[in-house]
There are 2 protein chains.
Amino acid sequence: MSLRTALLALLTVEPMTGYDLHKRFDSSVGYVWHAPDSQIYPELRKMERDGLLVGKEVPWGQRGRKTEYHVTEAGIEAFREWMNGTLEYGRERDPMHLKAAYLEWAEPEAARRQLRAHEEHHRALKAQWEEQIREIDTGHSGMLNRRLATLPKNEHRAATAFKRFTYQGLVARAEQEIEWARQGLALVDELYGKEPEAGPGRR
Amino acid sequence: MSLRTALLALLTVEPMTGYDLHKRFDSSVGYVWHAPDSQIYPELRKMERDGLLVGKEVPWGQRGRKTEYHVTEAGIEAFREWMNGTLEYGRERDPMHLKAAYLEWAEPEAARRQLRAHEEHHRALKAQWEEQIREIDTGHSGMLNRRLATLPKNEHRAATAFKRFTYQGLVARAEQEIEWARQGLALVDELYGKEPEAGPGRR
DNA sequence: CGTCTCATGTAAGGAGTTACATGATTTA
DNA sequence: TAAATCATGTAACTCCTTACATGAGACG
């Protein structure tokens with residue numbers, strides 16, 4: 001039921017088509033919430049049936065049509081309600097930590113490969129988040145600017161601060177995961193001995 | 001398909017019934033991987049069909065019976081294969097950070113409530129993980145001891161170190177989330193002003 | 001004798017993934 | 001005119017959650 005909330009969040013900023021949303025979920029926003037189009041379109045129709053959205057048919061080119069979804073009052077209300085509630089903390093499902101706990105089953109090289117992949121993954125995420133922060137700080141964040149355009153001036157500070165706060169938390173999380181992976185690599189070296197670097201020219 | 005792996009991981013340590021597994025998933029292990037019994041029993045039967053497990057009927061009391069699942073050679077092989085592969089990093093789905101990014105929609109008190117819940121949740125997790133580490137360090141970890149009993153002495157060091165490494169990473173993650181929540185609370189105070197403590201005797 | 005733990009399920013539905021499918025429009 | 005982008009789906013499947021259901025054994 002949270003895809004619904006993610007869709008509401010994005011659509012409160014501006015009306016969009018399913019395709020627009022699909023693109024958002026595929027890029028920046030997609031690292032906080034992902035959804036494939038096969039889930040997006042049906043959910044939008046359901047939300048329209050439930051009165052949270054209205055779809056406006058817009059012509060596109062000569063023959064083409066597209067449906068732009070606008071949030072209704074009921075949609076705003078539902079979103080506000082979600083925002084004023086408290087999240088339930090569901091149970092975890094964390095393959096990497098499950099794997100880490102049994103890492104003695106893996107061959108040393110496989111363990112290294114996994115830990116390096118973990119580090120790389122979180123380095124890439126970190127770069128993403130830092131880019132978002134830079135954009136916020138320099139006023140180049142399209143997402144934030146569109147949001148600010150819907151708000152009175154006196155609320156700009158809060159909206160900006162919360163977005164920055166969010167990304168800053170994600171950066172800190174990524175840094176922690178990178179550090180953990182590095183400790184894991186050091187541990188593998190310590191337990192099984194250091195592998196020679198796979199550099200060129202060294203037999 | 002990862003519930004399967006979690007089940008294999010637990011069953012490589014010792015044979016268990018569905019009920020035993022269900023209990024594990026409900027307690028300590030459950031914070032890394034959770035599954036309800038309605039998922040466990042069918043999955044065990046599927047794994048038996050696939051040759052990864054064999055269920056041994058064991059009498060229980062006078063009339064009762066229970067099925068104890070043992071990992072087969074094929075099961076060991078499948079687990080080892082998973083351990084030697086590299087995880088795919090699926091897309092995220094992170095309600096709290098989604099919410100944080102739009103926190104200006106929430107009433108200040110609701111924002112505080114959510115952030116405090118986040119902090120509390122991770123404090124509880126942290127306590128859990130630290131307890132696991134203490135048990136490992138003092139030799140009182142049932143999970144680890146049962147695992148070590150299946151291993152030759154020279155592999156004890158690695159198995160112990162990886163378990164410790166796992167929990168230590170989880171502690172660090174929890175600490176980071178706690179810190180982030182506290183920064184969020186400070187931010188709410190800064191944006192909307194501090195709420196008076198809901199203590200007794202004031203006014 | 002009651003309550004807690006042990007033991008094992010079914011049924012319904014929602015959420016999410018993967019693959020398949022189609023056609024119009026814009027741009028190089 | 002070919003390729004990229006825009007636009008919108010269906011179908012099949014797995015995964016996961018929630019609720020419902022039952023009965024035996026152990027312990028006090």
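Throughout, a chain's letter reflects where its sequence line sits, starting with A, and its residues are numbered from 1. Because only heavy atoms are used, hydrogens play no part in the values below, and waters and symmetry mates are left out as well, while side chains stay in.
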Compute the bend angle of the helix from C:dC1-D:dG28 to C:dA28-D:dT1 from the end axes (five pairs per end), rounded to 10°. 30°
Please identify each residue that fulfils ring-ring contact (aromatic ring centres under 6.0 Å, His included) with B:Tyr41, with sequence neighbours left out. none
Using ring-ring contact (aromatic ring centres under 6.0 Å, His included) as the criterion, list what pairs up with A:Tyr19, not counting sequence neighbours. A:His22
Scan residues 70-80 of chain A for pairs that pass side chain to side chain donor-acceptor pair (under 3.5 Å), counting only residues two or more places apart or in two chains. A:Glu68-A:His70
Rounded to whole Å, please give me the gap between CG in B:Leu3 and C1' in D:dC16. 10 Å
List, with names and distances, any nitrogen or oxygen atoms from the protein found under 3.5 Å away from nitrogen or oxygen atoms belonging to nucleotides 10-13 of chain D.
{"residue": "D:dT10", "atom": "OP2", "partner": "A:Arg45", "partner atom": "NH2", "Å": "3.3"}

Does any donor atom in the side chain of A:Gln183 or A:Glu179 lie under 3.5 Å from an acceptor atom in the other side chain? yes
Atom pairs under 3.5 Å, N or O on each side, protein against nucleotides 1-6 of chain D: can you list them with distances?
{"residue": "D:dC6", "atom": "OP2", "partner": "A:Tyr19", "partner atom": "OH", "Å": "2.9"}

Does a nitrogen or oxygen in the side chain of B:Arg93 sit under 4.0 Å from OP1 or OP2 of C:dT17? yes
Atom CD of B:Gln62 and atom P of C:dC6 are separated, to the nearest Å, by 18 Å
I'd like to check the ring-ring contact (aromatic ring centres under 6.0 Å, His included) partners of A:Tyr102; sequence neighbours left out, ordered by chain and number. none
Can you list every ring pair (Phe, Tyr, Trp, His ring centres under 6.0 Å) pair that touches residues 109-138 of chain A, not counting sequence neighbours? A:His118-A:His122, A:His118-A:Trp180, A:His118-B:Tyr89, A:His121-B:Tyr89, A:Trp129-A:Tyr167
Length of the CD-P vector between A:Glu43 and C:dG16, whole Å: 9 Å
Return the set of residues passing ring-ring contact (aromatic ring centres under 6.0 Å, His included) with B:Trp82 (not counting sequence neighbours), or none when no residue passes. none
Partner set under salt bridge (charged side-chain N to carboxylate O under 4.0 Å, His left out) for B:Arg157, not counting sequence neighbours: A:Glu190
Quick test of your reading: applying salt bridge (charged side-chain N to carboxylate O under 4.0 Å, His left out), list the pairs with at least one residue in residues 16-41 of chain A, sequence neighbours left out, ordered by first then second residue. A:Glu14-A:Arg24
Filter on salt bridge (charged side-chain N to carboxylate O under 4.0 Å, His left out), then keep only pairs touching residues 136-145 of chain B, sequence neighbours left out; what's left? B:Asp137-B:Arg164
Testing the 3.5 Å rule here: is there a donor-acceptor pair between the side chains of B:Thr67 and B:Glu57? yes
Atom-to-atom span, CZ of A:Arg49 to C1' of C:dG14 - whole angstrom: 14 Å
Quickly work out the B:Gln39 CD to C:dA12 P distance and round it to whole Å. 18 Å
